[in-house]
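If you read the sequence from its start, that first residue is 1, and numbering goes on from there. Note that ligands are numbered from 1 as they come in the structure, with each ligand's atoms numbered from 1 the same way.
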Amino acid sequence: MKKLIMSAAVFAAIVAGCNKSATPTATDWEAEAISNACEQMALQVKAIESDTTGRILNPVTTKRNRFSTSYCSYADWRSGFFPGSMWYLYELTGDSSLVPLAQKYTEAIADAQYLTSHHDIGFIINCSYGNGRRFINKEDYDKVLVQAAQSLSTRFRPNAGVIQSWNTTPGSWQASRGWTCPVIIDNMMNLELMFEATKISGDSTFRNIAVSHADKTLAEHFRPDGSCFHVVDYDPENGNVLHRQTGQGYADSSVWSRGQAWAIYGYTLCYRETGDTRYLDQAVKTYEFMKNHPNMPEDLIPYWDMDAPDVPNEPRDASSAAIIASALYELCTYPVADPEGMREYADNMMKSLASPAYTAKPGENGRFILMHSTGSIPHNSEIDTPLNYADYYYLEALKRKRDLDSKI
Ligand code: GLY
């Protein structure tokens, strides 16, 4: 009973904080988007704090019944997004009642810093601790980032020059595809952790691994039109390419939208960290490819795969729009041909996401902010559902947009 009373108080405090969220630069749709996000996340927090099992629940999506929320463990690749969303909500609202909660949800996944069984430790730790360290306990959180980078470094295959994304344990679906050292384009997102770890520790090994991975991916993952493959499988002994395929797209040669989003975001961050214009050019080229794709819908929310056979009746992927929009708010600050056009494109994506077509009413959609994302159609998993990473990159994009607008 005590816990329920406390959660009601937490909910009330967060909702009160929502009302302070508008800033002088916020347009109506942004203010509404932040207020809506706040209300949904307050409900999510209320559910977490009301749980009586003793666990700290980490929401990821809805169950197949579409009504109840599903949760993940610290080892799941998506475990850093909800804690990270709490940090962004704090940044967007200035509501200090969010800080102890963001801290609690972040520290609940501390064990992830030791994970060596997949490459996603970059997503997990950078989105949670990486955001948290901007506000609190810098030294403690720094140590977690460096440990996580060390764990990720164990997956570096020096002869191939890449971080191996997935294991190919006998019996796994990856093994059934005949892969040896599969690298997925998503892995570009894990490099941010490596750059940060070098800045914190002074150990250039992490940065060198990141640059090697980015260079090899630049050479092998992209097609002449600027789009990318999802999976490139290497011979770890010599770096020869064994396969170029897909895991989550419609076909090996098709355009899996979230993969393109990871590429745009990943090469934007690599340009930020290195100043290497090859990375900048690739980010722009993949963005332009998506922008000019004949199947890009009018509302700019990509189909899960732009080449899927039943377009325009294929499920959308709101997560890829959120990731692209967030990336573009950074990319447009660099020397690109049409920064204003890029920014306007991101604004238009965000306006679609913030509209009732994609933003859920508070209390619906498993208490997630955005509807209509797609996890993996080939695995018959998370089709037209909410996803916590769609929400995370949406909040990040709102924050990046606000920062940009305040500089005008
Ligand atoms: N990193 C996994 C995904 O994008 O679905």
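- Ring geometry, Y389 versus W262: the interplanar angle falls from 30° to 60°, so the pair is classed tilted.
- Nearest to atom 1 (N) of ligand 1 among the protein's heavy atoms is D186 OD2, 2.7 Å.
- Using a 4.0 Å cut-off to heavy atoms of R258, the atoms of ligand 1 that qualify are 3 (C), 4 (O), 5 (O).
- Proximity to Q248 (heavy-atom distance under 4.0 Å) selects the following atoms of ligand 1: 3 (C), 5 (O).
- The six-membered or imidazole ring of F81 lies near that of Y392, with a centre-to-centre distance under 6.0 Å.
- Once rounded to the nearest 0.5 Å, the distance linking CD of Q282 with CE of M188 reads 9.5 Å.
- Judged by distance alone, with hydrogens and angles left aside, the side-chain atoms of S320 form no donor-acceptor pair with the main-chain N or O of A261 at under 3.5 Å.
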